[in-house]
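See below for the structure under consideration.
Quantities reported herein were computed from a predicted structural model and do not represent experimental measurements. Computed over heavy atoms, backbone and side chain alike; hydrogens, waters and symmetry mates excluded.
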Amino acid sequence: MKEMIKLAPVFKTMVWGGNRMRDYFGYEIPGENTGEAWVVSAHPQGDCLISEGRFAGKSLSWLWKNHRELFGNIEGEEFPLLVKFIDAREDLSIQVHPDDEYARVHENGARGKTECWYILDCEAEADIIVGHQAKSKEEMKQWMEENRWEDFLKVRPIRPGDFFQIPPGTVHAIRKGTLLIEIQQNSAITYRMYDYGRMPGGKLRELHIKQALDVVQCPHEDYAGKKQISHENGYDKTFLVSCPFYTVEKYDIWGTVMLEQKQPFLIVSVIDGEGMIDENPVKKGTCLILPDGYGTVCIKGELSLMAAHI
C-alpha cells in the first residue's frame, strides 16, 4: 500500500524567536517567541509524531526502529536527517559545529552537524554571518578576547532564494528578520562563541570557547558549490547541494508532474503555494516523507518544495 508519512511539527521557544510562522505557514505556534519548528525530526529533543495513517500517534524514532523497511533498511542507530523552519526575530548567537569525529570523542558519541540553509523570506537589508576573516587561530582568539567581532566575522547580505551550505567548523549565525528552512544531520551539538550579553531568565547563556577554538576552520574557506537549474516539462528543478550526509533539491511546479521516488526515503517540505501530492492536499508548511518503494508520485498545483535524501 502506498502511504506517505505525515508528521506534526515540534515547536521550540527561543530567546530570539518570533511569531512569523503563524502567518507564513498557518501553524498554531505556542507563543510569540517561537524560533523553530522541527518538521521532520527523530531527535530526542524533538521527536515528531505521525499525524495520520496506520502509524498515527507513533513517533518518527519509533518508526525508524520498528519499520526500517520504510527507509530502505539502511543502517544506523538514528534517523539521519533533521529538517526545521527557523524564524529569527533577533540575532542568533555566533556559533560553530563539530564534525562527527570530534562529537563522537567529546560529546558522548553524538553526531557532528553539517547543515544547509535556504532563505524563505527576510526583511529588506537583512544579512547573515557565514565565515570569518582571521588568518590564524591565534588572531581569532585575540579578536574574540578584544571583542573585535566586526573585524572577525564575515557578514553577507541576503535575499529570498539564497542558499548556504554550512560544513562543520564554519562560524555562522542567522540574523534578525530572517525566515529559512534548515536541513541538517540529526544532531543538536552547537558551540556558542558569542551571545550579545543576553540574559534570558536573569543569567548569561553558556559559551563554549575552548570547543569552538578546537573545531573552527581557520582560515575560513567558502563552500564552492553552485546551484544548477534544469527546466523540465511542467517544473523547474534546482540542484542545491550534495554532501556525504544529504542531497537537497528544490522543485518549482506548475500543473501536473509525475516524479519517481527512487531513494531509501525522500523528505518533502512545501515552502510555497499549494496543491496535491497524489490524493493528499498540501500547502506551504506541509512536510512529509515518501518511504522506500513509493514509486511514482503525482504532484499537482502551483507550489515549490524542497526534497532531501541521503
Side-chain angles (χ1 to χ4, degrees), residues 12 36-46 60-61 64 71 74-86 88 92-120 128-132 154 156 158 162-174 178 180-193 208 211-228 238-250 263-267 269 287 289 306-310:
K12 298 284 185 176
E36 299 181 350
W38 294 21
V39 289
V40 179
S41 172
H43 194 278
Q45 295 178 21
L60 181 55
S61 65
W64 173 257
F71 307 97
I74 58 176
E75 296 181 354
E77 292 186 14
E78 300 174 325
F79 185 75
L81 299 181
L82 196 163
V83 179
K84 61 177 75 164
F85 294 121
I86 296 178
L92 274 69
S93 61
I94 313 300
Q95 54 190 247
V96 64
H97 302 307
D99 62 14
D100 280 350
E101 179 60 20
Y102 189 92
R104 182 186 66 78
V105 173
H106 297 276
E107 301 290 347
N108 300 315
R111 291 172 182 255
K113 190 175 177 187
T114 299
E115 65 189 26
C116 62
W117 301 332
Y118 183 89
I119 309 299
L120 299 173
I128 211 157
I129 293 168
V130 180
H132 66 85
K154 275 195 172 183
R156 306 162 187 262
I158 56 170
D162 285 348
F163 176 81
F164 300 92
Q165 170 77 342
I166 311 293
T170 303
V171 176
H172 63 277
I174 302 166
T178 305
L180 59 76
I181 182 171
E182 176 176 290
I183 296 165
Q184 59 162 90
Q185 285 180 269
N186 184 6
S187 171
I189 304 297
T190 292
Y191 297 143
R192 195 178 293 128
M193 302 170 70
H208 313 92
Q211 298 96 320
L213 286 168
D214 282 348
V215 305
V216 72
Q217 180 193 63
C218 197
H220 169 76
E221 295 180 11
D222 281 341
Y223 168 69
K226 294 184 178 180
K227 294 180 182 180
Q228 300 171 24
T238 305
F239 169 85
L240 294 170
V241 68
S242 187
C243 70
F245 307 104
Y246 49 71
T247 295
V248 180
E249 297 155 332
K250 177 173 177 273
Q263 308 300 331
F265 65 89
L266 186 70
I267 297 174
S269 306
C287 297
I289 300 173
M306 304 293 285
H309 60 84
I310 57 171

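- The heavy-atom pair separating Val248 from Tyr246 by the smallest distance is CG2-CD1, 3.8 Å.
- Scanning for side-chain hydrogen bond (donor to acceptor under 3.5 Å, both in side chains) contacts around His208 gives an empty result, with sequence neighbours left out.
- His220 and Asp222 get closest at one heavy-atom pair: NE2-OD1, 2.7 Å.
- Within the model, atoms CD of Glu36 and CD1 of Ile86 stand 4.5 Å from one another, a figure rounded to the nearest 0.5 Å.
- To the nearest 0.5 angstrom, His43 atom NE2 is 13.0 Å from Leu81 atom CG.
- Heavy-atom minimum distance, Val40 versus Ile289: CG1-CD1, 4.0 Å.
- Contact detail for Ser187 and Gly112: the closest heavy-atom pair is CB-O, 3.1 Å.
- Of the possible donor and acceptor atoms, none in the side chain of His132 sits under 3.5 Å from a partner among the backbone N and O of His172.
- Residues Gln263 and Ile310 share a closest heavy-atom pair of OE1-O, 4.2 Å.
- Atoms OG1 and CH2, on Thr178 and Trp117 in that order, are 9.0 Å from each other to the nearest 0.5 Å.
- Within the structure, salt bridge (Lys or Arg N to Asp or Glu O under 4.0 Å) contacts touching residues 101-110 (residues at least two apart or in different chains) are Glu101-Arg104.
- With Ser41 contributing its side chain and Gly46 its backbone, the two residues share a donor-acceptor pair below 3.5 Å.
- Within the 4.5 Å cutoff, the side chain of Phe239 has heavy atoms near those of the Thr247 side chain.
- Atom SG of residue Cys116 and atom CZ of residue Phe245 lie 12.5 Å apart, to the nearest 0.5 angstrom.
- At least one side-chain heavy atom of Ile128 sits less than 4.5 Å from a side-chain heavy atom of Ile119.
- The side-chain heavy atoms of Phe265 and His309, taken from C-beta on, include no pair separated by under 4.5 Å.
- A heavy-atom distance below 4.5 Å is not found between the side chains of Val215 and Pro168.
- Summarising the geometry of Tyr102 relative to Asp99, their closest heavy-atom pair is N-OD1, 2.9 Å, with the distance given to 0.1 Å.
- One distance of note links OH of Tyr223 with SG of Cys243; it measures 7.5 Å at 0.5 Å rounding.
- Residues Gln165 and Leu240 fail the side-chain proximity criterion, which asks for heavy atoms closer than 4.5 Å.
- The only option from Ile174, Leu92, Ile94 that meets the side chain to side chain contact (heavy atoms under 4.5 Å, CB included) definition with Ile129 turns out to be Ile94.
- Between atom CZ of residue Arg111 and atom CD of residue Glu77 there is a gap of 9.0 Å, rounded to the nearest 0.5 Å.
- At a threshold of 4.5 Å between non-hydrogen side-chain atoms, the residues Pro80 and Asn186 do not count as touching.
- Evaluation of the side-chain hydrogen bond (donor to acceptor under 3.5 Å, both in side chains) rule for Glu221 yields no partner, not counting sequence neighbours.
- Taking the side-chain hydrogen bond (donor to acceptor under 3.5 Å, both in side chains) definition, one finds that Ser61 meets it with Asp47, Ser59, sequence neighbours left out.
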If you apply the rule side chain to side chain contact (heavy atoms under 4.5 Å, CB included), what do you find for His106 with Gln211, and how did you get there? CA-CA 9 Å; His106 297 276; Gln211 298 96 320; over 6 Å; no
Intermediate values then yes/no, side chain to side chain contact (heavy atoms under 4.5 Å, CB included), Ile267 and Cys287: CA-CA 7 Å; Ile267 297 174; Cys287 297; 5.9 Å; no
Quick one, Leu180 with Phe85, criterion side chain to side chain contact (heavy atoms under 4.5 Å, CB included). Give me CA distance, side-chain angles, the key distance, then yes/no. CA-CA 6 Å; Leu180 59 76; Phe85 294 121; over 6 Å; no
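- In summary, the side chains of His97 and Glu115 do present a donor paired with an acceptor at a separation below 3.5 Å, with no hydrogens or angles considered.
- Ring geometry, Trp64 versus Phe79: the interplanar angle exceeds 60°, so the pair is classed perpendicular (tilted spans 30 to 60°).
- Side-chain contact between Met193 and Val171: present, with at least one pair of heavy atoms (C-beta onward) separated by less than 4.5 Å.
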For Tyr118 and Met306, run side chain to side chain contact (heavy atoms under 4.5 Å, CB included): C-alpha distance rounded to whole Å, both residues' side-chain angles, the deciding distance at 0.1 Å, then the answer. CA-CA 9 Å; Tyr118 183 89; Met306 304 293 285; 3.9 Å; yes
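- In this structure, Lys227 does not pair ionically with Asp162, as no charged nitrogen and carboxylate oxygen lie closer than 4.0 Å.
- Take Asp100 and apply the side-chain hydrogen bond (donor to acceptor under 3.5 Å, both in side chains) test, not counting sequence neighbours, and it matches Gln185.
- Listed by chain and residue number, nothing satisfies the ring-ring contact (aromatic ring centres under 6.0 Å, His included) test with Phe164 (two or more places apart in sequence, or in another chain).
- Counting only heavy atoms from C-beta outward, the side chains of Ile166 and Val130 approach each other to under 4.5 Å.
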